[in-house]
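Below: the structure, in structure tokens.
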Amino acid sequence: MKKYLITSALPYVNGLPHLGHLIGCLLPADVYARFLRAKGEDVLFICGTDEHGTPSEVGAAKENMPVEEYCLKYHQLHVQMYEGFNLSFDYFGRTSSEQNKEIVYRIFEKLWQNGLVVEKTTRQVYSPDDGRYLPDSYVIGTCPYCGYEKAKGDQCENCTKVLDPIDLIHPKSAISGSDKVEIRETKHLFLQLPKLEQDLAEWIETKKGVWPDIAYSIAKKWLKEGLQERGITRDLKWGFAVPKEGYEDKVFYVWFDAPIGYIGITKQWADEKPTQRRFEDWWLNPDETIYTEFMGKDNIPFHTISFPATLKGTGENWTQVSMLKGLNYLNFAGGKFSKSEHRGIFLDDAIREFPADYWRYWLIANAPESDDTNFSFDQFAATVNKDLNDVLGNFINRVLKMTATNFGQQIPLLGNPTTTEKELYAALDSLIETYTKHLSQLEYRKAMSVLREIWVAGNNYLAQTEPWKVVKTDTDYAGTILNTALNLIRLYAHLSAPIMPQTAQKMIDIFEYPDNLAWPDAPMSVYLTKLPTGTPFQLIQPLFQKILPDRTAELKMRYKEE
RNA sequence: CGCGGGGUAGAGCAGUCCGGUAGCUUGCCAGGCUCAUAACCUGGAGGUCGUGAGGUUCAAAUCCCACCCCCGCAACCA
């Protein structure tokens with residue numbers, strides 16, 4: 001049996017995640033994992049916090065705590081927030097784990113043995129007052145081209161010229177503000193990507209039409225420009241020590257150990273039950289494993305080029321990515337979400353305002369698949385009110401109440417289906433097939449528009465059959481209609497579960513009938529007759545609440561949406 | 001100057017690969033229904049498809065050329 005390995009890009013531990021992080025990789029991955037599990041597939045869904053690097057060191061210093069403590073604190077906050085959104089990771093680990101260290105060393109040694117690692121001397125900016133080397137973007141100064149005074153060492157935001165921090169006039173540290181900076185020569189290890197280029201290019205060519213255009217074209221762009229040797233070490237303290245002489249003060253670069261973290265975290269998972277689980281079954285098993293990665297567009301080069309090259313370079317038979325979903329950005333009020341300026345909606349705020357499923361539905365229905373997408377409370381409210389409350393929530397409510405009034409709180413007898421029911425079965429069979437196809441292909445917006453059609457089909461069925469009239473003249477047929485409608489509620493629960501797990505559970509719990517959230521596996525002529533006659537059901541509070549204009553206005557004020 | 005994505009009805013999007021009556025959601029207008037949460041169902045109006053009296057073609061949103069605008073990337077912030 002095929003195994004489905006799913007990873008979401010690892011959120012950087014520094015600071016708190018916002019809606020952009022959620023839709024950028026975590027949530028689409030979760031929906032896919034839930035969908036495959038519902039279909040009965042063997043799924044392993046892995047994620048965790050990416051912890052090494054300068055931003056963590058700087059963040060820890062700001063909060064005046066050791067970096068290990070700082071990372072643990074934020075790791076736990078991430079865990080809490082993702083639990084709040086019901087992300088169904090099989091394991092949520094950390095790139096700083098012992099297990100990851102073990103895998104990083106193993107891969108590094110192989111690359112070393114294969115002659116793919118070389119030493120080069122580079123010139124880096126050192127700040128004595130900070131006691132550290134400064135990454136390019138942590139050096140600020142005057143742009144030599146346009147005179148802009150706050151140019152960053154990697155690029156001038158004013159004239160967009162790409163810079164070398166060494167070229168800045170009056171350079172100073174972005175951390176302490178100190179202008180006592182010096183250029184030092186320092187040795188680093190580089191991975192020789194050019195040696196792997198040919199191999200990589202052939203492999204990527206097989207992904208044409210398989211990966212989304214955005215991923216394929218970005219990978220091709222990098223190949224076209226030619227791969228360069230890539231530094232895999234840094235002059236930092238927070239990271240895995242480089243196990244080579246002369247590198248005692250250096251650690252592996254965060255972008256080297258972060259993707260390897262997928263494997264390291266899988267080993268964390270396996271080590272919890274060593275007699276039952278092996279990371280090798282997933283990661284050194286390419287023939288049986290279908291590996292799907294989710295990430296924001298900025299991450300695509302690392303997942304299509306650097307990481308596959310790293311694995312290939314070992315000469316070992318690692319599982320490589322087969323499906324890859326790259327997403328664009330979610331913007332807020334015309335601009336980016338920002339961690340540093342705390343601009344936008346963060347997950348702790350989001351969950352305080354509305355149930356997780358409201359967000360999950362909106363985000364998936366508006367996933368930034370082809371372009372950046374803008375979040376606005378007006379649109380959010382409109383979607384929640386219409387799709388969730390009016391179309392789905394109201395359908396359930398009207399069916400339950402109508403049945404309770406006319407037949408009591410139990411499933412009425414199903415008579416022989418008429419042409420109308422048969423047409424409904426056929427329409428749904430076709431819609432569900434399309435819906436399933438879109439989810440399999442990770443086409444979320446299309447999938448959601450079909451799901452909505454499926455919900456509308458229920459309301460349409462009632463409009464056509466008018467059970468409130470029929471009940472006065474033909475009780476038996478009215479019972480058949482409502483029986484069918486009640487079965488539709490169950491169907492909707494199953495189909496909605498990957499996107500709205502909590503709501504789906506509530507829908508299932510309406511009926512006193514043992515059920516799970518398995519994917520429909522039979523034609524509707526069978527599937528919509530499953531609830532046994534006489535099964536008791538409960539009248540529940542409406543599943544959703546409308547977001548009224550006053551509330552929307554208040555939200556816009558609170559979150560500063562212009 | 002480079003690279004990637006985008007520009008289609010008031011708003012949000014699909015359609016472009018493979019040319020053939022311009023589609024969906026929301027909003028607006030009208031009708032139906034009255035079981036349900038002022039909800040549901042149906043119909044209608046609304047677009048020179050960024051620009052070019054460009055090119056190819058019987059036919060262009062779609063292919064080719066030139067240009068304009070928006071967003072992102074450029075190896076260290078999803």
Side-chain angles (χ1 to χ4, degrees), chain A residues 8-12 14-15 17-26 50 53-55 134-138 152-155 160-162 193 209 213-215 217-218 220-222 224-225 227-231 234 253-255 295-302 305-306 327-331 334-340 365-366 368-374 376 378-379 382-383 385-387 389-391 393-406 445-446 448-449 452-453 456 458-464 466-471 478 481-482 485 541-546:
Chain A
S8 161
L10 308 180
Y12 199 75
N14 192 3
H18 48 59
L19 291 182
H21 298 108
L22 191 60
I23 190 54
C25 48
L26 298 160
D50 175 16
T54 309
L134 298 175
D136 291 356
S137 60
Y138 281 76
K152 287 186 178 177
D154 51 352
Q155 179 181 24
T160 77
K161 271 249 191 323
V162 178
L193 290 182
D213 290 348
I214 187 174
S217 60
I218 289 178
K220 289 292 278 189
K221 173 200 152 196
W222 276 49
K224 195 175 146 199
E225 290 174 358
L227 299 183
Q228 291 171 29
E229 290 175 345
R230 180 177 174 73
R234 288 293 185 273
Y253 173 40
V254 57
W255 262 117
M295 73 205 69
K297 61 180 168 186
D298 58 317
N299 266 254
I300 290 174
F302 300 102
I305 303 281
S306 314
L327 288 111
N328 291 281
Y329 293 140
L330 182 68
N331 289 326
K336 275 179 152 186
F337 279 78
S338 164
K339 267 188 192 176
S340 50
N366 294 281
E369 291 178 309
S370 57
D371 194 6
D372 290 356
T373 295
N374 204 38
S376 80
D378 282 333
Q379 274 181 51
T383 304
N385 292 347
K386 186 70 185 174
D387 292 1
N389 187 75
D390 295 351
V391 176
N394 180 52
F395 174 78
I396 292 165
N397 191 248
R398 67 196 292 208
V399 169
L400 294 181
K401 283 199 174 161
M402 207 185 327
T403 310
T405 306
N406 294 294
R445 276 207 286 221
K446 287 180 181 170
M448 287 306 98
S449 97
R452 192 182 180 287
E453 266 188 79
V456 168
N459 283 311
N460 209 344
Y461 172 63
L462 295 183
Q464 276 177 41
E466 301 185 304
W468 52 89
K469 276 187 189 167
V470 174
V471 77
I481 296 168
L482 291 171
Q541 290 300 307
L543 284 174
F544 306 100
Q545 283 191 319
K546 280 208 182 203

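With sequence neighbours excluded, the residues forming a side chain to side chain donor-acceptor pair (under 3.5 Å) with A:Asp387 are A:Tyr361, A:Arg452, listed by chain and number. Residues passing the side chain to side chain donor-acceptor pair (under 3.5 Å) test with A:Asn460: none are found, sequence neighbours excluded. In terms of the salt bridge (Lys or Arg N to Asp or Glu O under 4.0 Å) criterion, A:Arg398 has no residue partners (sequence neighbours excluded). For A:Arg445, the side chain to side chain donor-acceptor pair (under 3.5 Å) partners are A:Ser370, not counting sequence neighbours. In this structure A:Tyr329 satisfies the ring-ring contact (aromatic ring centres under 6.0 Å, His included) test with no other residue, sequence neighbours excluded. Here A:Phe544 pairs with A:Tyr358 under the ring-ring contact (aromatic ring centres under 6.0 Å, His included) rule; sequence neighbours left out. The side chain to side chain donor-acceptor pair (under 3.5 Å) search around A:Glu229 returns A:Lys120, A:Gln192, not counting sequence neighbours. Judged as a salt bridge (Lys or Arg N to Asp or Glu O under 4.0 Å), and not counting sequence neighbours, the contacts of A:Lys546 are A:Asp390. Every residue two or more places apart in sequence or in another chain was checked for a salt bridge (Lys or Arg N to Asp or Glu O under 4.0 Å) with A:Glu453, and none qualifies.
The side-chain heavy atoms of A:Val399 and A:Leu462, taken from C-beta on, include a pair separated by under 4.5 Å. Counting only heavy atoms from C-beta outward, the side chains of A:Trp255 and A:Asn299 approach each other to under 4.5 Å.
Under the Watson-Crick or G-U wobble criterion, with both distances below 3.5 Å, B:G2 is paired with B:C73. Using N1 to N3 plus N6-O4 or O6-N4 for Watson-Crick, or N1-O2 and O6-N3 for G-U wobble, each under 3.5 Å, B:G12 pairs with B:C24. Pair assignment for B:U48 gives none, since no Watson-Crick or G-U wobble pairing has each distance under 3.5 Å.
The interatomic distance linking A:Gln545 (CD) with B:A36 (P) rounds to 19 Å, in whole Å. Atom CG in A:Asn385 sits roughly 16 Å away from atom P in B:U37 (whole-Å rounding). If you measure from atom CD of A:Gln464 to atom P of B:U42, you get 9 Å, rounded to the nearest angstrom. Atom CD of A:Gln379 is separated from atom C1' of B:G12 by 5 Å (rounded to the nearest Å). Rounding to whole angstrom units, CG of residue A:Leu193 and P of B:A75 are separated by 15 Å. Between the CG atom of A:Leu482 and the C1' atom of B:C35 there is a distance of 9 Å, given to the nearest Å. Across the protein-nucleic acid pair, A:Phe544 atom CZ and B:C40 atom P stand 14 Å apart, rounded to whole Å. A:Leu330 has its CG atom 21 Å from the P atom of B:G5, to the nearest Å.
Nucleotides B:U21 and B:A38 have their C1' atoms positioned 38 Å apart, rounded to a whole Å. Distance noted for atom P between B:G20 and B:C33: 41 Å (whole Å). Comparing B:G32 with B:G19, their C1' atoms are spaced 41 Å from each other, to the whole Å. For the P atoms, the distance linking B:C17 with B:C29 amounts to 38 Å, nearest Å. B:C64 and B:U56 are spaced 15 Å apart, taking the P atom of each and rounding to whole Å. B:A78 and B:C13 have their P atoms separated by 23 Å, given to the nearest Å. Comparing the P positions of B:A9 and B:C24 gives a spacing of 14 Å, expressed to the nearest Å. Distance noted for atom C1' between B:C35 and B:C41: 13 Å (whole Å).
Residue A:Gly20 is in base contact, counting any heavy-atom pair closer than 4.0 Å across all strands shown. Nucleic acid contact class of A:Asn394 (heavy atoms, under 4.0 Å, all strands): base. The residue A:Gly231 sits apart from the nucleic acid: no heavy atom pair falls under 4.0 Å. If you check every strand for non-hydrogen atoms under 4.0 Å, A:Pro542 touches a base.
Where stacking is scored as ring centres under 5.5 Å apart with planes under 30°, A:Tyr329 registers as stacked on the base of B:A78.
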Nucleotide by nucleotide, 5' to 3', does protein get under 4.0 Å of the base (B), only the sugar-phosphate (S), or neither (-) in nucleotides 26-31 of chain B, counting heavy atoms? S-----
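Of the residues near RNA chain B, A:Val456 and A:Pro11, the one whose nearest nucleotide (by heavy atom distance) lies more toward the 5' end is A:Val456. Residue order along RNA chain B, read from the 5' end via each residue's closest nucleotide, puts A:Thr373 first among A:Lys401 and A:Thr373.
Below the 3.5 angstrom threshold, one finds a donor paired with an acceptor across the side chain of A:Asn389 and the base of B:U37.
The side chain of A:Asn460 sits closest to B:C41 out of B:A36, B:A11, B:C41. Taking only side-chain atoms of A:Arg398, from C-beta outward, the nucleotide of B:C35, B:U37, B:A78 with the closest atom is B:C35. Checking B:U42, B:G12, B:A39 against the side-chain heavy atoms of A:Lys546 singles out B:A39 as nearest. Among the nucleotides B:A78, B:C41, B:A39, the one closest to any side-chain atom of A:Asn331 is B:A78.
Between A:Asp50 and A:Leu10, the closest heavy-atom pair is CB-O, 3.8 Å. In terms of heavy-atom proximity, A:Asn459 sits nearest to A:Val391 at ND2-O, 3.1 Å. Looking at every heavy atom in both residues, A:Ala478 comes nearest to A:Val470 through N-CG1, 3.7 Å.
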Just the table, please: protein N/O against nucleotides 32-34 of chain B N/O, every pair under 3.5 Å.
none

Protein and nucleotides 14-18 of chain B: nitrogen or oxygen contacts under 3.5 angstrom:
{"from": "B:A14", "atom 1": "OP1", "to": "A:Ser370", "atom 2": "OG", "distance (Å)": "2.5"}
{"from": "B:A14", "atom 1": "OP1", "to": "A:Arg445", "atom 2": "NH2", "distance (Å)": "3.3"}

